[in-house]
Amino acid sequence: MPLIERAQAGDHAAFETVLRPKLQRLLRMSLSIVDNESDARDAVQEACFLAWRELPRLRDPLRFEAWLWQIAINVCRTTLRDRRRSWVREIHVGSQTAGIEAVQPGRPFTEDVSTNDSIRRAFRRLDPDKRTILVLHHVEDRPISEIAGLLSIPEGTAKWRLHSARRALTRALEAER
């Protein structure tokens with residue numbers, strides 16, 4: 001019996017085996033979207049909990065990874081919306097993300113977002129949907145067709161939203177100057 005089906009039957013070890021190799025990417029994506037280490041870790045934990053709870057309802061085990069990403073994206077979006085309702089200032093004592101590489105060579109967008117304050121501030125001004133599509137395309141290197149599937153929207157809509165998000169980021173950057 002494949003691991004996903006064993007996990008659907010309640011096998012915790014099988015679920016952990018399937019989930020473990022995906023955690024670093026999930027955390028990197030979450031951190032890129034919510035821009036707060038604590039919230040990103042909470043989002044990944046919440047996504048994993050929801051995935052475990054809803055796993056028996058997953059109809060197509062071959063779609064597990066896309067399904068898991070959809071859950072994580074939705075949790076990140078909810079985190080950002082909730083944060084806007086009740087804002088708490090986080091004081092960083094030290095980075096706990098030693099094993100997580102948010103900046104990778106050859107990816108100027110992620111390098112700029114993590115090193116340049118004005119870009120970070122501009123990125124924070126974007127709504128959750130715009131952040132999400134920019135992260136999926138520029139940080140996670142996902143093609144438009146895959147993004148459309150993850151967000152359950154047509155490809156044309158995904159292209160338009162990406163274009164719109166880039167324009168919004170450009171405007172936010174201009175406002176930072």
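The figures that follow rest on heavy atoms only: side chains count, while hydrogens, waters and symmetry mates do not. Every value quoted in this text rests on a predicted model; they were computed, and no experiment measured them. Throughout, numbering of the chain's residues begins at 1 and tracks the sequence.
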Please tell me if the side chains of [X] and [Y] come closer than 4.5 Å, counting only heavy atoms from C-beta onward.
X: Ile153; Y: Ile147; result: no
X: Ile4; Y: Pro2; result: no
X: Arg77; Y: Ile73; result: yes
X: Met29; Y: Leu136; result: yes
X: Leu19; Y: Leu68; result: yes
X: Ile133; Y: His137; result: no
X: Val75; Y: Thr79; result: yes

Can you see which heavy atom on [X] is nearest to which on [Y], and at what distance?
X: Leu150; Y: Gln70; value: O-CG, 2.9 Å
X: Pro21; Y: Val18; value: CD-O, 3.5 Å
X: Ile33; Y: Phe123; value: O-CE2, 4.4 Å
X: Ser118; Y: Leu173; value: O-CD2, 4.0 Å
X: Cys76; Y: Val34; value: O-CG1, 3.8 Å

Self-check item: Residues that Asp11 engages under side-chain hydrogen bond (donor to acceptor under 3.5 Å, both in side chains), provided they are two or more places apart
Solution: Arg6

Mind checking the [atom1]-[atom2] spacing from [X] to [Y]? Nearest 0.5 Å is all I need.
X: Arg171; Y: Leu126; atom1: CZ; atom2: CG; value: 9.5 Å
X: Leu31; Y: Glu37; atom1: CG; atom2: CD; value: 7.0 Å
X: Phe64; Y: Glu5; atom1: CZ; atom2: CD; value: 13.0 Å
X: Asp127; Y: Leu80; atom1: CG; atom2: CG; value: 9.0 Å

List, one per line, each side-chain donor-acceptor pair under 3.5 Å for residues 155-166, sequence neighbours excluded.
residue: His163; atom: NE2; partner: Arg167; partner atom: NH1; Å: 3.3
residue: Arg166; atom: NE; partner: His138; partner atom: NE2; Å: 3.2
residue: Arg166; atom: NH2; partner: His138; partner atom: NE2; Å: 3.3

Quiz prompt | Residue that, paired with Trp69, satisfies side chain to side chain contact (heavy atoms under 4.5 Å, CB included) out of Lys22, Glu146, Arg142 | solution = Arg142

Listed pairs under 3.5 Å, donor-acceptor, residues 45-60 side chains, sequence neighbours left out:
residue: Glu54; atom: OE1; partner: Arg57; partner atom: NH1; Å: 2.6
residue: Glu54; atom: OE2; partner: Arg57; partner atom: NH1; Å: 3.3
residue: Asp60; atom: OD1; partner: Leu62; partner atom: N; Å: 3.1

Quiz item: Counting N and O atoms only, with roles assigned by atom type, does the side chain of Arg81 sit under 3.5 Å from a partner on the main chain of Pro128, one being a donor and the other an acceptor?
Solution: no

